[in-house]
Amino acid sequence: MHRRFARSFAFAQDDNCMASEIRVRFAPSPTGYLHIGGARTALFNWLFTRHHGGKFVLRIEDTDRTRNIEEAMAAICDGLQWLGLNWDEGPHIGGDFGPYLQSERTELYESYLKKLQDGGHIFEDQGALRFRSPREHVIVDDLVCGKIDFDLSNEQTHPDMTIRRPDGSWIFHFVNVIDDMEMKISHVIRGEDHLSNTPKHIEIFRALGAMPPHYAHIPLILNKDGSKMSKRDEGASVEYYIKRGYLPAAVRNYLCLLGWSPKDNREKINIEEIIRLFDLNNVGRSQATFDPDKLHWLNGEYARELSDSEFYALALTKLKSSGVKIDNYPEQYIQSALQTCKGKINTFDKLLAYCGFYFTDDFDYNPEGVAKHFTAENKPRLKAVRDAFSALQSFDAAEIETTLKTTAANLGVKVGAIVHPTRLAVSGSNIGPSLYHLLEVLGKEKVLARIDRALSKFF
RNA sequence: GGCGCGUUCGUCUAGUGGCUAGGACACAGCCCUCUCAAGGCUGGUGCACGGGUUCGACUCCCGUACGCGCUGCCA
């Protein structure tokens with residue numbers, strides 16, 4: 001009830017000031033990696049502006065004076081770009097409200113500090129500067145959480161916040177507010193961990209005589225075990241998915257589904273459609289657990305939808321980065337080899353294990369497969385396959401299929417009985433691409449050699 | 001401890017007083033099949049608990065429990 005009222009109220013305000021542009025920001029600190037939760041926050045900000053037609057600002061909150069800011073910032077920018085979350089203002093591209101690194105905005109903070117001091121809002125405490133709270137109730141009218149009444153009247157439970165350290169460096173609460181004000185941010189969309197900070201931020205806006213922006217606090221993303229996803233957790237950074245060969249569109253789609261839903265049972269939705277449907281009033285309020293399995297499935301959905309050339313390009317890149325000596329093989333060979341893998345793997349990090357046998361003769365044989373298929377009774381069968389193959393003129397998938405089937409019939413066994421030993425002999429694995437096509441790609445010579453090798457090695 | 005937020009299958013969610021509580025991932029079985037995928041079919045598990053309000057609560061109110069967040073001279 002409260003929530004709905006709060007929302008209509010907030011949007012009524014928007015309607016009254018149509019002139020003011022919608023401006024949102026993503027304001028990470030340069031930790032050196034893009035957290036998956038941060039990426040989702042950035043994504044929701046981005047979706048919100050793309051839906052309403054506003055500006056998406058990237059601001060780096062580097063008040064901590066870390067070294068290697070360039071490097072740490074690059075990880076974040078790369079992650080955002082990989083996800084397709086382009087910013088309209090910020091590092092690299094500038095804008096009318098820069099600079100976009102807090103470390104370069106000190107004079108601005110000084111001047112606002114002066115204003116606050118002149119207004120009697122600041123006092124010194126052992127060399128640090130604190131903001132004196134007016135000690136009132138502050139109502140946060142949140143677009144996702146509804147109206148929340150915070151009672152800040154008790155100094156014991158809500159001490160005056162520090163805004164500047166004795167060494168002159170700034171505290172997040174202060175610079176964050178100043179920047180949102182100066183950059184004319186209209187909607188602050190951020191993680192729910194900031195909800196309790198919001199009344200304090202509003203106090204600063206008021207002390208400066210400014211209107212606070214609209215707030216929207218989105219639920220946090222948790223680990224499988226219910227704990228907060230932290231840097232140490234596997235899969236907590238976007239980079240992890242880049243390295244594993246996930247598709248950005250799939251990761252982005254998955255992230256959208258955490259705390260937001262199209263409400264019509266669709267899971268795989270293209271980004272244009274999401275932009276069309278997305279709004280703050282259909283963002284959920286409860287925390288979501290990150291489910292790697294579902295992401296993996298969704299990635300497979302996207303992977304299967306890739307065109308042949310897209311798949312080939314991505315697969316080739318992956319093979320090269322995996323150290324496969326690709327130059328030793330003709331392009332046509334590589335192409336047909338990779339084509340047999342299309343639609344079979346959900347993520348590209350599985351590619352090498354799936355098709356490595358195409359690019360080396362020196363592969364391992366799966367032990368369970370050996371125990372199961374390289375049996376005494378299968379020896380004559382594998383020999384029969386070998387002989388049948390050697391008699392073939394054209395070694396194409398159709399011929400191979402026919403040959404295997406007639407061979408099986410002659411032996412009085414099901415085709416599976418000879419398929420498995422053959423696959424194992426030529427690829428070392430009991431899973432893989434379609435055997436008929438795989439054999440065609442490998443070519444008669446290699447196939448016969450590998451069968452011979454298996455025959456002499458295991459029987 | 002105080003303050004705040006949350007709680008529908010294991011997980012993500014749909015659901016705004018009357019539904020056999022729907023979908024998806026995962027899981028199990030079956031079908032298809034040269035393996036693996038994919039696809040098809042079937043199955044199981046869910047409204048945290050206790051009070052109200054109401055003719056009737058998953059849905060509204062209160063409390064409890066649990067989870068998470070904030071409570072920093074971190075962001």
Side-chain angles (χ1 to χ4, degrees), chain A residues 1 3-4 27-31 38 61-64 102 125-130 140 142 144-146 148-152 154 156-159 161-167 169-173 175-176 190-200 217 219-222 224 226-228 254 256-268 284-298 300-301 303-304 341-346 350 354 369 373 397 400-401 404-405 408 414-420 422-424 427 429-439:
Chain A
M1 245 349 205
R3 187 185 183 197
R4 299 178 74 194
S29 67
T31 49
E61 305 218 328
D62 58 339
T63 53
D64 240 10
Q102 287 185 332
D125 174 22
Q126 292 175 46
L129 298 183
R130 289 180 184 270
V140 175
D142 192 278
V144 169
C145 302
I148 304 162
D149 185 347
F150 289 91
D151 180 2
L152 306 191
N154 186 342
Q156 299 306 308
T157 55
H158 295 87
M161 68 181 138
T162 306
I163 65 164
R164 193 176 202 181
R165 302 184 189 88
D167 70 358
S169 58
W170 304 99
I171 302 297
F172 155 76
H173 300 293
V175 292
N176 183 270
R190 63 192 356 177
E192 198 185 86
D193 48 340
H194 288 296
L195 184 56
S196 301
N197 292 326
T198 306
K200 296 191 273 192
H217 289 89
L220 266 21
I221 298 179
L222 305 177
K224 261 308 205 211
S227 64
K228 187 171 146 186
Y254 177 71
C256 287
L257 262 21
L258 255 25
W260 176 85
S261 159
K263 301 191 190 290
D264 59 4
N265 290 338
R266 276 182 296 175
E267 311 288 332
K268 179 171 178 296
R285 301 182 70 176
S286 52
Q287 300 151 329
T289 303
F290 191 88
D291 183 1
D293 287 337
K294 185 156 181 177
L295 204 209
H296 189 257
W297 163 77
L298 193 56
E301 292 290 299
R304 265 165 242 122
C341 305
K342 184 161 181 269
K344 301 287 210 147
I345 50 168
N346 278 13
K350 303 285 194 313
Y354 195 78
H373 300 299
I400 292 166
E401 181 171 355
L404 277 169
K405 283 182 174 162
K414 285 194 210 166
V415 70
I418 56 175
V419 158
H420 298 299
T422 307
R423 174 187 296 283
L424 190 61
S427 76
S429 175
N430 36 21
I431 63 171
S434 155
L435 181 66
Y436 308 140
H437 298 87
L438 173 172
L439 292 171

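Naming: A, B, ... by sequence-line order, numbering from 1 per chain. Atoms considered below: every heavy atom in the structure, side chains included; atoms not considered: hydrogens, waters and symmetry mates.
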Taking atom P in both B/U59 and B/U54, what distance in whole Å separates the two? 16 Å

Euclidean distance for C1', B/G72 against B/U13 (whole angstrom): 37 Å

The reported gap from CD in A/E192 to CD1 in A/I221 (rounded to nearest 0.5 angstrom) is 12.0 Å

Please work out if A/N197 contacts a base, only the sugar-phosphate, or nothing of the nucleic acid, heavy-atom cut-off 4.0 Å. base

From A/R304 CZ over to A/N346 CG, what is the distance, rounded to the nearest 0.5 angstrom? 5.0 Å

For B/C32, the nucleotide meeting Watson-Crick or G-U wobble distances (both under 3.5 Å) is none

In whole Å, what separates the P atom of B/A21 from that of B/C36? 38 Å

Separation between CZ of A/R190 and NE2 of A/H217, rounded to the nearest 0.5 Å: 4.0 Å

How close or far is atom C1' of B/G72 from atom CG of A/D125, stated in whole angstroms? 13 Å

Take atom P in B/A24 and the same atom in B/U64, then report the distance between them in whole Å. 39 Å

Searching all strands shown, indicate the nucleotide that pairs with B/G1 (Watson-Crick or G-U wobble; both distances under 3.5 Å). B/U71

Side chains of A/Y354 and A/S429: closer than 4.5 Å at any heavy-atom pair? no

Compare the minimum distances between each of B/U71, B/C25, B/C73 and the side chain of A/K200, then state the nucleotide with the smallest one. B/U71

Say we look at B/U33 and B/A37: how far apart would their C1' atoms be, to the nearest angstrom? 11 Å

Atom CG of A/L298 and atom P of B/C25: how far apart are they, to the nearest Å? 10 Å

On a whole-Å scale, what distance lies between the C1' atoms belonging to B/G22 and B/U45? 15 Å

Pairing partner (Watson-Crick or G-U wobble, both distances under 3.5 angstrom) of B/C60: B/G52

What's the separation between atom OH in A/Y436 and atom NZ in A/K405, rounded to the nearest 0.5 Å? 5.0 Å

Polar atoms only, N or O, under 3.5 Å: list the protein pairs with nucleotides 27-33 of chain B and their distances.
none

Using a heavy-atom cut-off of 4.0 Å across all strands, would you classify A/H296 as base, sugar-phosphate, or nothing? nothing

At a cut-off of 3.5 Å, list every protein nitrogen or oxygen paired with a nitrogen or oxygen from nucleotides 35-42 of chain B, distance to 0.1 Å.
unit_1 : atom_1 : unit_2 : atom_2 : d
B/U35  : O2'    : A/N430 : O      : 2.6
B/U35  : N1     : A/R423 : NH2    : 3.4
B/U35  : O2     : A/G432 : N      : 2.8
B/U35  : O2     : A/G432 : O      : 3.0
B/U35  : N3     : A/R423 : NH2    : 3.3
B/U35  : N3     : A/G432 : O      : 2.6
B/U35  : O4     : A/K344 : NZ     : 3.2
B/U35  : O4     : A/S434 : N      : 3.3
B/C36  : O2     : A/K344 : NZ     : 3.2
B/C36  : O2     : A/Y354 : OH     : 3.2
B/C36  : N3     : A/K344 : NZ     : 2.3
B/C36  : N4     : A/K344 : NZ     : 3.4

Applying a 4.0 Å non-hydrogen cut-off, can you work out what A/E401 is touching in the nucleic acid: base, sugar-phosphate, or nothing? nothing

NE2/A/H296 to CG/A/L298 distance, rounded to the nearest 0.5 angstrom? 11.5 Å

In Watson-Crick or G-U wobble terms, both distances under 3.5 Å, what is the partner of B/C19? none

Whole-Å distance between B/C5 C1' and A/L222 CG? 13 Å

Using the C1' atom as the point on both nucleotides, what is the distance between B/C58 and B/C47, in whole Å? 5 Å

If we take the P atom in both B/C12 and B/A26, what is their distance in whole Å? 15 Å

Donor/acceptor link under 3.5 angstrom from A/T162 side chain onto base of B/G72: no

Atom of A/L424, atom of A/N430 and distance for their closest heavy-atom approach: CD1-N, 4.4 Å

Between A/Q156 and A/I148, whichever has its closest RNA chain B nucleotide further toward 5' is A/I148

Separation of A/H217 atom NE2 from B/G4 atom P, in whole Å? 16 Å

Does A/R266 have a side-chain nitrogen or oxygen under 4.0 Å from the phosphate oxygens OP1 or OP2 of B/A24? no

For A/S286 and A/P219, which heavy atoms make the closest approach, and how far apart are they? O-CB, 3.3 Å

Under the side chain to side chain contact (heavy atoms under 4.5 Å, CB included) test against A/D291, which residue among A/L295, A/D293, A/T289 passes? A/D293

In terms of ring plane angle, is the pair A/F290 and A/Y254 parallel, tilted or perpendicular, where the classes change at 30° and 60°? perpendicular

Using the closest heavy atom to pick a nucleotide of RNA chain B for each, name whichever of A/Q102 or A/K405 lands nearer the 5' end. A/K405

Residue A/K414 excluded, over 12 heavy atoms near NZ under 6.0 Å: no

Quick one: CD on A/Q102 to CH2 on A/W170, what's the gap to the nearest 0.5 Å? 11.0 Å

Nucleotide-resolved protein contact map, nucleotides 9-15 of chain B, B/S/- at heavy-atom distance under 4.0 Å: --BBSSS

From CG of A/D193 over to P of B/G72, roughly how many Å is that when rounded to an integer? 16 Å

Between A/M161 (CE) and B/C70 (P), how many Å, whole number? 16 Å

Partner of B/A38 under the Watson-Crick or G-U wobble criteria, both distances under 3.5 Å, comes out as none

Go through B/C73, B/A75, B/C34 for me and flag the one nearest to the A/R130 side chain. B/C73

Length of the line joining A/L152:CG and B/G2:C1', which is rounded to integer Å: 13 Å

Report the C-alpha distance between A/L195 and A/I148 in whole Å, list the side-chain angles of each, state the deciding distance to 0.1 Å, and finish with yes or no for side chain to side chain contact (heavy atoms under 4.5 Å, CB included). CA-CA 10 Å; A/L195 184 56; A/I148 304 162; 3.9 Å; yes

For B/G10, the Watson-Crick or wobble partner whose two distances fall under 3.5 Å: B/C25

Just call it for A/H194: base, sugar-phosphate, or nothing, with non-hydrogen atoms closer than 4.0 Å on any strand. base

When you check the gap from the basic side-chain N to the acidic O, do A/R165 and A/D167 get nearer than 4.0 Å? no

Return the value, rounded to whole Å, for the distance between atom NE2 of A/H158 and atom C1' of B/G4. 8 Å

Could you check A/I163, A/N197, A/T162 and say which one makes a side chain to side chain contact (heavy atoms under 4.5 Å, CB included) with A/H173? A/N197

